[in-house]
Student: 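Okay, here's the structure, questions in a sec.
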Amino acid sequence: MNLQTYLLAKFKAALVAIGAPEDSPAPLSRSTRAGFGHYQFNGAMALSKVLKQKPRDIADKIVAAVEFTDEVEKLEVAGPGFINIHLSPAWLAKQLKQANADERLLIEAESAQTVVVDYSSPNLAKEMHVGHLRTTIIGDAVVKTLEFLGHKVLRQNHMGDWGTQFGMLITHLNDKLAADSAAETALSDLEDFYRAAKVRFDDEDGFADRARENVVKLQSGDPECIVLWKTFVDVSIKHSEEVYKKLNVSLKREHIMGESAYNDDLAPTVAELKQKGIVVEDQGAQVAFLQELADKEGNPAVYIVQKSGGGYLYATTDLAAIRYRNNVLKADRTLILTDARQALHFKQTEIVARKAGFIKPEQSYEHCPFGMMLGNDGKPFKTRTGGTVKLAELLDEAVERAAVLINKRESDLTADEREVIANKVGIGAVKYADLSKNRTTDYIFNWDTMLSFEGNTAPYLQYAYTRIQSIFRKAGVNAEALQADMQLQAEQELVLAVKLLQYVEAIKQVSSDGTPHVLCTYIYELASFFMSFYEACPILKDGIDEPTKNSRLMLAQLTAKTLKSGLELLGIETMEKM
RNA sequence: GGUUCCAUAGCUCAGCUGGAUAGAGCAACGCCCUUCUAAGGCGUGGGUCGAAGGUUCGAAUCCUUCUGGGACCGCCA
């Protein structure tokens with residue numbers, strides 16, 4: 001049941017009935033405050049001019065024309081012509097009972113699409129740092145939401161496993177191995193390894209030349225270089241996998257489709273672009289001039305697909321990736337989660353790819369950008385100036401902090417239980433702090449905010465869930481077997497009930513816009529409404545009659561299911577106790 | 001120079017395709033634990049939505065200009 005679309009259909013029919021034009025706007029939204037009902041229909045004002053009638057008169061006619069049976073308790077016209085929709089508690093109770101009996105919480109699947117989601121994509125030359133958090137976490141939440149709605153999702157981890165820097169790295173690795181060091185040991189800290197290689201590249205006689213030679217050899221498929229490269233990449237991937245595991249992210253090895261995977265297709269891609277006249281030679285390079293993105297004077301934007309020396313660039317790789325995703329993977333939609341700095345690049349890439357027919361008109365190509373991570377001083381985190389925070393270390397710190405907090409509290413939890421909880425709480429807090437922000441602009445990375453466990457945070461949501469579990473333990477009731485009629489009496493019950501039925505609205509928006517923060521907001525409000533209900537509406541206390549008790553248990557149960565479902569989509573774990 | 005994104009409470013952020021008195025969290029200040037877990041609840045204070053015009057029944061939201069900031073712009077990704 002989707003309340004919004006259900007009501008909207010009714011009102012659209014009513015508009016037709018009163019003789020409004022076919023495509024009249026039909027704005028129906030959640031009400032902004034309690035006194036204005038649950039939803040409001042604001043279409044009357046806009047129709048005033050078209051129908052040449054007073055907006056309030058139109059509103060009255062709509063109210064008379066709209067056909068409801070038992071869904072609505074009352075419709076009232078207010079202000080200039082708002083129609084406030086008050087849903088009937090009995091009808092809402094019926095919907096909730098059905099939702100509670102349904103595994104999918106009565107959320108119908110969308111018509112399935114094949115969706116490619118390109119996310120995480122770390123550079124294997126270095127260790128994952130806090131800058132990789134957003135793409136990894138947001139991407140994973142979007143992926144899980146799309147899957148929940150019935151889509152076929154293909155995760156693509158477009159790892160940076162190719163490029164000139166690997167010449168330097170494999171040369172350094174070669175020397176380390178020659179000095180009898182094991183690859184795992186030499187590469188135990190990628191950051192150190194990279195720094196050491198860079199120092200040698202800059203300072204050591206002959207090293208830079210050897211590195212450059214190795215790049216050429218690597219690109220021409222020299223077996224020795226390939227072995228070194230594979231060794232390096234393999235160890236680096238293992239580092240990433242550890243982070244993914246800690247983060248509770250669903251990315252696996254089979255989702256890796258690194259830049260190197262497209263090597264063989266780069267030349268054919270450029271050849272096709274040349275053949276179609278989309279790129280031309282300019283100053284020795286293969287270039288597309290894009291009139292679509294010209295400046296005021298009419299100078300076209302420049303997009304290089306092949307360097308003057310014949311080398312390829314990320315533009316080439318991205319175009320080849322598009323061909324693969326559309327031709328082989330048959331993507332209906334492609335979502336790419338990278339930082340906002342690459343917005344122009346992807347806009348250009350799409351224009352070129354569409355011209356070349358790599359993307360068909362019915363296929364979408366959506367860059368989902370987000371801002372950079374800034375330090376407390378508002379300046380960007382720099383990667384090689386010592387300011388880098390390794391992702392693995394951030395996560396460990398989060399878990400430690402959570403453990404300290406848990407150990408301060410009195411409880412009957414065992415040491416093992418505490419450890420599991422500390423992990424879920426700490427990791428959840430880090431993920432939620434990031435997921436709950438949508439801004440495409442930069443955002444301030446603050447250790448304390450990110451690891452805070454109070455207010456609008458993951459622990460708050462997890463806590464709400466455990467409170468419900470605690471009620472069921474105490475009641476000795478099997479939550480699954482619970483079958484009772486619901487009665488929504490207290491205001492807190494009604495507010496919670498409507499919120500529960502709006503879950504579908506939140507996740508549909510996440511799937512269409514790629515914005516998990518909408519789901520975060522929803523879950524937080526749901527948890528918050530539950531907390532108020534919990535304080536105001538006793539369940540197991542003396543003097544609560546059986547029907548009320550069972551009704552409230554049902555409400556609590558559906559809240560728990562919804563919280564758990566939503567948190568799962570966000571990649572945040574729940575627990576029975578905390 | 002060009003393109004583009006942004007500016008909302010002391011701080012960090014929401015605000016859906018324009019809708020009624022702009023919302024949270026943190027911080028501050030009050031209450032509420034012999035009663036279902038106080039990582040909680042209830043309440044108070046705090047905003048000329050960067051500025052000025054415009055569009056209209058109605059603007060934080062759309063358009064223009066300005067101010068301030070960020071990012072990007074032919075061989076890095």
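For clarity, every value in this text was computed on a predicted model and none was experimentally measured.
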Student: Testing the basics here: between T515(A) and N438(A), what is the closest heavy-atom pair and its distance to 0.1 Å?
Tutor: CG2-OD1, 3.5 Å
Student: What integer number of Å spans the C1' atoms of G45(B) and A27(B)?
Tutor: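 These two C1' atoms come out 13 Å apart once rounded.
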Student: Choose from C76(B), U37(B), G41(B) the nucleotide whose nearest atom is closest to any side-chain atom of L313(A).
Tutor: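 Side chain of L313(A) sits closest to C76(B).
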Student: Summarise how protein sits on nucleotides 20-31 of chain B as a single string, 5' to 3': B when a protein heavy atom is under 4.0 Å from the base, S for sugar-phosphate-only contact, - for no contact.
Tutor: BB-SSSS-----
Student: Is there a side-chain contact between H517(A) and the phosphate of G15(B), meaning an N or O under 4.0 Å from OP1 or OP2?
Tutor: yes
Student: Can you identify which nucleotide, out of C13(B), C75(B), C36(B), has its nearest atom closest to the Y534(A) side chain?
Tutor: C36(B)
Student: With respect to the phosphate group of A38(B), does any side-chain polar atom (N or O) of Y463(A) fall under 4.0 Å of OP1 or OP2?
Tutor: yes
Student: Does the plane of the ring in F41(A) sit parallel, tilted or perpendicular to the ring in F11(A)? Use 30° and 60° as the thresholds.
Tutor: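 Geometry flag for F11(A) against F41(A): parallel rings.
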Student: What's K437(A) touching, base or sugar-phosphate or nothing? Going by heavy atoms closer than 4.0 Å.
Tutor: sugar-phosphate
Student: For Q283(A), report the nucleic acid contact type (base, sugar-phosphate, nothing); a contact means any heavy atom under 4.0 Å.
Tutor: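 The residue Q283(A) makes base contact.
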Student: Starting at CD of E525(A) and ending at P of G41(B), how long is that distance when rounded to a whole Å?
Tutor: 14 Å
Student: Under the criterion side-chain contact (heavy atoms from CB on, under 4.5 Å), which of N446(A), V430(A), L405(A) is the partner of L451(A)?
Tutor: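 Among N446(A), V430(A), L405(A), the one that satisfies the side-chain contact (heavy atoms from CB on, under 4.5 Å) with L451(A) is V430(A).
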Student: What integer number of Å spans the P atoms of C57(B) and C49(B)?
Tutor: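 It comes out at 23 Å once rounded to the nearest Å.
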Student: Between C36(B), A77(B), G40(B), which nucleotide gets closest to the side-chain atoms of L540(A)?
Tutor: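 From the listed options, C36(B) comes nearest.
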Student: When rounded to the nearest Å, what value does the distance between P atoms of C26(B) and C5(B) take?
Tutor: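 So the two P atoms sit 34 Å from each other.
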Student: Please report the closest heavy-atom contact between Q283(A) and S308(A), naming both atoms and the distance.
Tutor: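 Looks like O-CB, 3.7 Å.
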Student: Does F530(A) have R467(A) sitting over its ring (NZ/CZ under 6.0 Å from centre, angle to axis within 45°)?
Tutor: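 Negative - R467(A) is either too far from the ring of F530(A) or too far off its axis.
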Student: Just label C33(B) as syn or anti from its O4'-C1'-N9-C4 or O4'-C1'-N1-C2 angle, using within 90° of 0 for syn.
Tutor: syn
Student: Could you give the distance separating A9(B) and G50(B) at their C1' atoms, to the nearest angstrom?
Tutor: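 Result for the C1' pair: 15 Å, nearest Å.
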Student: Would you kindly give the CG-to-P distance between D339(A) and G70(B), to the nearest whole Å?
Tutor: 17 Å
Student: If you only use heavy atoms from C-beta on, which nucleotide in G74(B), U37(B), C57(B) is closest to the side chain of T466(A)?
Tutor: U37(B)
Student: Please determine, for the side chain of K307(A), which listed nucleotide (C36(B), U17(B), C75(B)) has the closest atom?
Tutor: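 Nearest to the side-chain atoms of K307(A), counting from C-beta on, is C75(B).
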Student: What is the separation between atom NZ on K508(A) and atom P on U17(B), rounded to the nearest whole Å?
Tutor: 18 Å
Student: Below the 4.0 Å mark, does C42(B) have OP1 or OP2 next to a side-chain nitrogen or oxygen of S532(A)?
Tutor: yes
Student: Which listed nucleotide (U56(B), C36(B), A77(B)) is nearest to the side chain of K49(A)?
Tutor: U56(B)
Student: Looking only at atom C1', what distance separates G54(B) and G46(B), rounded to whole Å?
Tutor: 32 Å
Student: Between D442(A) and R341(A), does any side-chain N to carboxylate O distance fall below 4.0 Å?
Tutor: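 Answer for the salt bridge query: no.
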Student: Quick check for you: among G41(B), U17(B), A77(B), whose closest atom lies nearest to any side-chain atom of Y460(A)?
Tutor: G41(B)
Student: Classify the nucleic acid contact of C520(A) as base, sugar-phosphate or nothing, counting any heavy atom under 4.0 Å across all strands shown.
Tutor: nothing
Student: Would you indicate, yes or no, if U37(B) has its OP1 or OP2 atom less than 4.0 angstrom from a side-chain nitrogen or oxygen of K474(A)?
Tutor: yes
Student: Can you list the residues that meet the side-chain hydrogen bond (donor to acceptor under 3.5 Å, both in side chains) rule with E400(A), with sequence neighbours excluded?
Tutor: none
Student: For Y314(A) and H158(A), I'd like to know if the aromatic rings sit close, meaning centre-to-centre distance below 6.0 Å.
Tutor: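 Ring-ring flag for Y314(A)/H158(A): false, centres at least 6.0 Å apart.
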Student: Counting heavy atoms from C-beta on, name the nucleotide in G41(B), G2(B), U4(B) closest to the side chain of D295(A).
Tutor: G2(B)
Student: Please work out if N123(A) contacts a base, only the sugar-phosphate, or nothing of the nucleic acid, heavy-atom cut-off 4.0 Å.
Tutor: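 Since no nucleic acid heavy atom lies under 4.0 Å of N123(A), the category is nothing.
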Student: When the P atoms of G74(B) and C66(B) are compared, how many Å lie between them, rounded to an integer?
Tutor: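 Result for the P pair: 25 Å, nearest Å.
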Student: Which word best sums up how the rings of F232(A) and F166(A) line up, parallel for under 30°, tilted for 30 to 60°, or perpendicular for over 60°?
Tutor: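 Perpendicular: the ring planes of F232(A) and F166(A) meet at over 60°.
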Student: NA contact type, H345(A), heavy-atom cut-off 4.0 Å: base, sugar-phosphate, or nothing?
Tutor: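 H345(A): no heavy atom of the nucleic acid under 4.0 Å.
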Student: With C1' as the reference atom in both, quote the distance from U44(B) to C6(B) in angstrom, rounded to an integer.
Tutor: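 To the nearest whole Å, 33 Å.
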Student: Suppose you measure atom P in A7(B) against the same atom in U61(B); what distance do you get, rounded to whole Å?
Tutor: 11 Å
Student: Going by modelled atom types, is there a donor-acceptor pair between the base of C57(B) and the side chain of S48(A) at under 3.5 Å?
Tutor: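 A donor-acceptor contact between them is absent.
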Student: Indicate, with a heavy-atom threshold strictly under 4.0 Å, whether M45(A) touches base, sugar-phosphate, or nothing.
Tutor: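 Base, at least one base atom sits under 4.0 Å.
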Student: L7(A) CG to C16(B) P: how many Å, rounded?
Tutor: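 Roughly 20 Å, once rounded to whole Å.
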